[in-house]
Amino acid sequence: MHRWSKLFIPTLREAPTDAEVASHKLLLRAGYVRQLGAGIYSYLPLGQRSINKIIAIVRDEMDKIGQEFLLPALNPAEIWQESGRWTGMGDNMFRLKDRKGAELCLAMTHEEVMTSIARNELRSYKQLPQIWYQIQTKFRDEPRPKSGLLRVRQFTMKDAYSFDIDESGLDESYNKHDRAYRAIFTRCGLEFVAVEADSGAMGGSQSQEFMVYTEAGEDLIASSRDASGNVIYAANLEKATSTLTPIHDLAPTGDGLPELVHTPGKASIADVTAFFGIHASQDIKCVAFMGSRSAAATTDPLRPVVAFLRGDHQVNETKLNTIAGTADLRPMTPEELALHIGGPAGFLGPVGIPQTMTQGSLNGLNSGKALDKLKGVLRDIPSEGLRTIVVMDLGLQNRTNLVAGANKLDFHFRNVTPGRDFTPTLTADIRKINEGELDPIGNQPLRLGKAVEIGHIFKLGYKYSKSMGASVLDKDGKEVTPIMGSYGIGIERILTAAIESSAARFAATNSTNSGAPSSPTASSSAKVGSQDTTPQYALPPAIAPFEVVITITNVREPALLEAGETLAADLDRAGIDVLLDDRDERAGVKFKDAELIGIPYRINIGKKLAEGQIELVDRLLRTTTDHPLASIAEHLKSLLAASKQ
RNA sequence: CGGGGCGUAGCGCAGUCUGGUAGCGCACCUGGUUCGGGACCAGGGGGUCGGAGGUUCGAAUCCUCUCGCCCCGACCA
């Protein structure tokens with residue numbers, strides 16, 4: 001049992017102006033953390049209690065599948081040079097020199113150290129598989145720390161590494177982590193989605209990110225759930241696709257070939273569709289960019305990239321960049337439009353764009369690989385490398401008789417049919433999906449939003465075991481390189497995500513329920529007494545610093561004080577993590593503080609005690625109920641048990 | 001790294017334009033009244049005005065340099 005009067009809980013009435021996101025304000029105001037420098041935080045007792053609870057859950061689940069280590073944060077340069085990451089990590093790694101001038105770094109992750117242990121100690125296939133983990137401080141010199149504990153330069157990470165004899169072993173280790181992570185995040189009370197991340201070429205065959213939706217997040221994801229709430233589709237917005245709704249193509253007019261139509265001043269999709277009396281999906285939208293070649297020298301000329309999509313669709317520039325091998329797209333200037341497409345803005349179209357790729361190069365390009373992967377094509381024929389890259393979205397594939405700009409002021413074509421009237425360099429999914437569209441697997445509506453990554457599991461392959469020379473003997477006495485996986489969880493991000501989620505839930509119900517009582521005249525006179533703008537929240541019991549706070553509304557009344565002391569002792573004996581607010585403060589102050597520190601359950605001991613009643617405030621359900629003093633312990637126990645399943 | 005903003009008491013701010021030796025609210029300490037939603041009265045403590053240099057009789061204020069923090073973007077586990 002802990003007494004508030006003896007604890008260091010420096011709550012703030014006002015949040016420092018530095019704080020932007022909800023969790024940052026709340027962590028400061030509740031006395032969980034204090035900032036020491038950009039992206040560097042001290043954890044005060046309340047924050048540390050919460051972090052410890054999260055760590056305990058992580059450790060409990062990880063011990064079921066692996067063994068805990070503790071590795072040095074201070075690393076000699078050598079092992080990082082061996083893996084190639086000494087240079088690869090660039091400025092993101094903190095580096096230092098010791099008194100002898102030897103180079104060291106503060107580790108960002110621990111593939112190198114773990115692999116060095118593995119190569120020194122593991123000799124036989126009989127020792128595999130191994131899953132090794134640790135919970136430890138990581139250092140990253142982020143270019144831009146921000147959002148409180150969300151993006152920092154020093155943080156706690158649970159990182160795990162698996163060593164297996166073969167790929168099927170790796171699959172198993174990976175799946176074990178997948179299950180462990182789901183258990184961990186569920187026990188922490190988070191609503192999460194697992195997103196396929198497919199982390200590209202770097203030896204990674206499979207990779208999953210665990211995300212929590214929150215406005216404070218930096219990633220954009222799309223996901224859908226089935227009727228019972230299970231996630232059926234989840235993807236980074238950069239990759240997300242959705243089911244295309246079938247479109248009725250227009251009937252051909254005249255001889256069915258492209259027909260020039262005078263469309264004076266009809267430069268927007270809305271104008272054009274109205275003029276022709278068609279739906280935007282029957283029109284071809286043209287979006288023209290200049291972009292650098294992602295694999296080219298910066299002095300190389302910019303590359304024209306033209307995207308054609310359904311009139312009602314939008315370009316996803318990330319997808320476009322990926323497929324076209326470009327970067328830093330910007331809109332074309334009018335001069336560039338004239339040069340590369342041959343028409344003015346508003347009347348751009350795919351027919352007749354000077355685009356003379358050879359058939360041979362087209363074969364390569366149509367294989368679906370990004371252009372930069374096709375080294376031969378564009379490097380060997382420099383002039384080809386400057387041609388306009390025309391990318392057509394899948395939404396135009398197999399369509400007929402579309403309306404499109406004629407690359408001539410005040411004229412459009414109709415009867416434009418892709419494949420017959422123009423040939424794109426590439427046909428690919430370059431469309432930005434929209435909220436509510438149906439996912440490609442279960443045809444359920446997609447939810448779009450910002451999210452924060454709380455965990456990542458990743459099949460590493462042989463990158464480190466090979467470069468650092470780890471090997472074991474297999475059954476036949478042959479040397480084989482173990483295959484590795486790497487798995488991380490951001491401990492502080494679990495706390496942050498929980499606060500953000502809860503605050504968002506409170507904000508949502510507040511704005512719908514009560515008419516906001518914000519009277520500008522009242523607040524103008526009273527700075528501090530004005531509406532408290534700090535968001536409300538409550539932490540899940542599993543990770544809250546205390547499960548319940550007992551608020552004695554007036555400690556000068558001996559009966560209240562005694563009842564509180566007795567109840568706190570009872571709850572404590574029952575194994576409940578209880579905080580007794582025994583401070584000699586006014587009730588209002590104590591209520592506000594209890595809410596500010598996010599404790600999920602509060603027991604008010606006050607007036608009603610005369611009738612043997614106390615109040616239970618359930619901050620998660622946002623209810624207040626009266627209970628007999630005698631039965632509250634049992635009731636609370638069952639509530640807590642239910643919250644932890 | 002590019003753009004913007006801010007550094008004055010623990011927190012939130014005013015004072016800077018127009019130079020004259022620092023103020024308000026909250027918090028804190030003492031006494032009293034109050035006591036279920038951030039009380040009130042009286043008294044009190046606390047600030048190298050981010051740092052260095054310069055101009056001036058005199059600098060929080062003007063000039064130069066510098067450090068730090070926040071936001072947007074770029075970049076990135």
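Remember, it's a predicted structure, so these values are computed and weren't measured experimentally. Sequence lines set the chain letters: A, B, ... in the order given, protein chains first and strands last, and positions in each chain run from 1.
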Just name whichever nucleotide pairs with [N], Watson-Crick or G-U, keeping both distances under 3.5 Å, else none.
N     : answer
B:C13 : B:G23
B:U18 : none
B:U30 : B:A42
B:C1  : B:G73
B:G7  : B:C67
B:A60 : none
B:U55 : none

Is the distance from the ring center of A:Phe192 to that of A:Phe185 below 6.0 Å? yes
Could you tell me how far [M] sits from [N] if I compare only their [atom1] atoms? Round to whole Å.
N     : M     : atom1 : result
B:G36 : B:U48 : C1'   : 46 Å
B:G25 : B:G68 : P     : 35 Å
B:C24 : B:G45 : P     : 13 Å
B:G19 : B:C6  : C1'   : 23 Å

Please determine whether a side-chain nitrogen or oxygen atom of A:Arg13 lies at a distance below 4.0 Å from atom OP1 or OP2 of B:C26. no
Measuring to OP1 and OP2 of B:G36, would you say a side-chain N or O of A:Thr551 lies under 4.0 angstrom away? no
Using whole Å, what does the distance between atom [atom2] of nucleotide [N] and atom [atom1] of [X] come to?
X        : N     : atom1 : atom2 : result
A:Asn92  : B:C76 : CG    : P     : 9 Å
A:Arg34  : B:G10 : CZ    : C1'   : 9 Å
A:Phe8   : B:A27 : CZ    : C1'   : 13 Å
A:Glu14  : B:G38 : CD    : P     : 16 Å
A:Leu609 : B:G36 : CG    : P     : 14 Å
A:Leu150 : B:C76 : CG    : C1'   : 14 Å

Do A:Tyr43 and A:Glu492 pair up side chain to side chain, a donor and an acceptor below 3.5 Å, judged on atom types alone? yes
Between A:Glu111 and A:Ser486: side-chain donor-acceptor atoms closer than 3.5 Å: yes
The salt bridge (charged side-chain N to carboxylate O under 4.0 Å, His left out) partner of A:Asp141 among A:Arg153, A:Arg151, A:Arg95 is A:Arg153
Do A:Lys450 and A:Asp219 meet the salt-bridge criterion of a basic N to acidic O distance under 4.0 Å? no
